Visitor: 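The structure follows.
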Amino acid sequence: MKNELKELAVSLFDIDVVKFGSFKTKVGLETPIYIDFRVLIAHRKILKQISRALWKLSSDPDNVQQICGVPYAALSMADVIADDTEKPMIMRRKESKNHGTKKLLEGVYAAGDKCVIIEDVVTSGTSILEVVADLKNEGLEIIEALVIMDREQGGRDNLEKSGVNIKSLFTLTEMMEYLLSADKIDQSTYDKVIDYLKTNKASVKIQEEEKKNTRLTTDFLSRSKLAKNPLAKKIFEIMNEKETTLCLAADLTSADEIIKLAEIAGPHIAVLKIHVNIIDDFSQIFIKQLKSLSLKYKFLIMEDSKFGDIGNTVSHQYSKGVYKIAEWADLITVHPVAGPGIIDGLVAGLNDISEERGIFLVTEMSSKGALTTGSYIEQSLSMGDNSKLVVGHVCQSDLFKNPGMIQLTPGVKLSKDSDDLGQQYNTPESVVNCGADLAVVGRGITQATDKISAIIKYKDQLWSAYKNRLS
Ligand code: S5P
């Protein structure tokens, strides 16, 4: 294999797949080596040799059911392999079509199919990880990623950390050694590339450290001291003391049933969330009962109104009307869609209220096709940074780093699932790993036959995932 690889390295050099000089990378950095496997489409013999050598790395060729090529360079290699082995090929688009089926994957496949990913170069590993996520979303099982060149810039580690096995034909260093021993390059070119690799590795390490979100590895008690909003501080303290991150969504339409549920859930939850406008028999007596349970069992009450109007209107919706939400809800949810004026309106609605209050901005929704993407998310995060009333964000992933703010994540069930109306669920462990501090569970509990067991199961799974996340 070594001789074969050396010959292949020389062929790649001869057809200008590997070039030396001074080049600029996509992000404007200087690099002494440039690798472009796209030229292989013009060199059929070498394309076949490379593809076949790559396939020899497969650890379980007979059990592979799908060959997935990553556009563009690796498509032609995946094609050769699929041809040789007569296995079907799938392709993951770079962008989903914005018309028709919006499918990201092209090909014929079924959930459970075992798949191998073919890629030309791995640098940080992000593009392979994106493909892995999309394949997994469709239920495919990934055996491994076969890659021609590992640039030794963190990709292998990142993939392995995410549970993706990777095999490469060459590392950049091996390629350099083959070319040096074949006299294709001189010692100074070799040294330049090896030096470049060393400095690059160091800067990749620094970038990775900077990317780490320490919010996720800091405990609630320490974070309580960093919270700007007194209620955020209180949530951290409650979670720490009661050892629970459970926010129960008591989405029931009878006041009595909510009270009954709060009575059994009280000792195990940090927050009880309601939608006041779905309760058939709302009354101030109900609020009194709920308040007294919240004091008895030490949980906070959240009204999930998702306010979303101009400041003047929300100030009235918050403090007036039948519900007078500002008077009893410790926490509310707010769509940032109207801009910062909505927060000013809510602050105005608190004029006559002396107790502490907090709001969660709905920065990213759990439902399929939600419009909360891109710059909407960015602007919502910045609205949160600029207001003391904001205790955190409702979102699905670790979008922010501020350890004094709280991530509230809905869409939680014991198994990954969805309902018929767009709701998407993830498991307790996966939402916590995606940054959830408080996790919202509704029907997972309200529709369980044995509610107290369900409450304790969610509480325990969430808490142990939080403990694991800390370490
Ligand atoms: O993006 C969101 C935001 C919220 S607050 N997705 C959600 O599901 N919610 C709320 O969380 C929703 O209104 C409901 O009260 C709860 C989820 O309930 P479940 O029964 O689907 O667990």
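Remember, predicted model here, so these are calculated numbers, not experimental data. Whatever order the structure lists ligands and atoms in, that order sets their numbers, starting from 1.
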Visitor: For the residue pair F286 and F282, does the interplanar ring angle fall in the parallel (under 30°), tilted (30 to 60°) or perpendicular (over 60°) class?
Guide: perpendicular
Visitor: Tell me yes or no: between the side chains of S59 and E144, is some donor less than 3.5 Å from an acceptor?
Guide: yes
Visitor: Report the part of D304 (side chain from C-beta onward, or backbone N, CA, C, O) that has a heavy atom under 4.0 Å from ligand 1; answer both or neither where that applies.
Guide: side chain
Visitor: Please identify which atoms of ligand 1 are closer than 4.0 Å to at least one heavy atom of V440.
Guide: 11 (O), 16 (C)
Visitor: For atom 19 (P) of ligand 1, what is the closest protein heavy atom, and at what distance to 0.1 Å?
Guide: Y425 OH, 3.5 Å
Visitor: Return yes or no for this condition: an N or O of G444 is under 3.5 Å from an N or O of ligand 1.
Guide: no
Visitor: Can you tell which part of K413 has a heavy atom less than 4.0 Å from ligand 1: side chain, backbone, both or neither?
Guide: neither
Visitor: Of all the atoms in ligand 1, which lie at a distance below 4.0 Å from a heavy atom belonging to P410?
Guide: 1 (O), 2 (C), 3 (C), 4 (C), 6 (N), 7 (C), 8 (O), 9 (N), 11 (O)
Visitor: Below the 3.5 angstrom mark, is there an N/O of Q396, backbone or side chain, next to an N/O of ligand 1?
Guide: no
Visitor: Under a 4.5 Å cut-off applied to non-hydrogen side-chain atoms, are F360 and L438 in contact?
Guide: yes
Visitor: What atoms in ligand 1 come closer than 4.0 Å to a heavy atom of R443?
Guide: 19 (P), 20 (O), 21 (O), 22 (O)
Visitor: For a quick check under 3.5 Å, do S382 and D385 share a side-chain donor-acceptor pair by atom type?
Guide: no
Visitor: Check each atom of ligand 1 against the heavy atoms of M365 and keep those under 4.0 Å away; list them by number with element.
Guide: 1 (O), 2 (C)
Visitor: Identify the closest protein heavy atom to atom 13 (O) of ligand 1: which residue and atom is it, and at what distance?
Guide: H275 NE2, 3.0 Å
Visitor: Please tell me whether R156 and S168 have a donor and an acceptor in their side chains that are separated by less than 3.5 angstrom.
Guide: yes
Visitor: Any side-chain donor paired with an acceptor under 3.5 Å for Y109 and Q65?
Guide: no
Visitor: Quick one: are V390 and I343 in side-chain contact, heavy atoms under 4.5 Å?
Guide: yes
Visitor: Among protein heavy atoms, which sits nearest to atom 22 (O) of ligand 1, and what does the distance come to when rounded to 0.1 Å?
Guide: G442 N, 3.0 Å
Visitor: Using only heavy-atom distances, determine whether the side chains of Y318 and R357 contain a donor-acceptor pair under 3.5 Å.
Guide: no
Visitor: Under 4.0 Å from a heavy atom of Q423: give me the atoms of ligand 1 that qualify, with their elements.
Guide: 7 (C), 8 (O), 17 (C), 21 (O)
Visitor: When you check the side-chain N and O atoms of S366 and Q423, is any donor under 3.5 Å from an acceptor?
Guide: yes
Visitor: What protein heavy atom sits nearest atom 14 (C) of ligand 1, and how far off is it?
Guide: D251 OD2, 3.2 Å
Visitor: For atom 6 (N) of ligand 1, what is the nearest protein heavy atom, given as residue, atom name and distance?
Guide: S366 OG, 2.7 Å
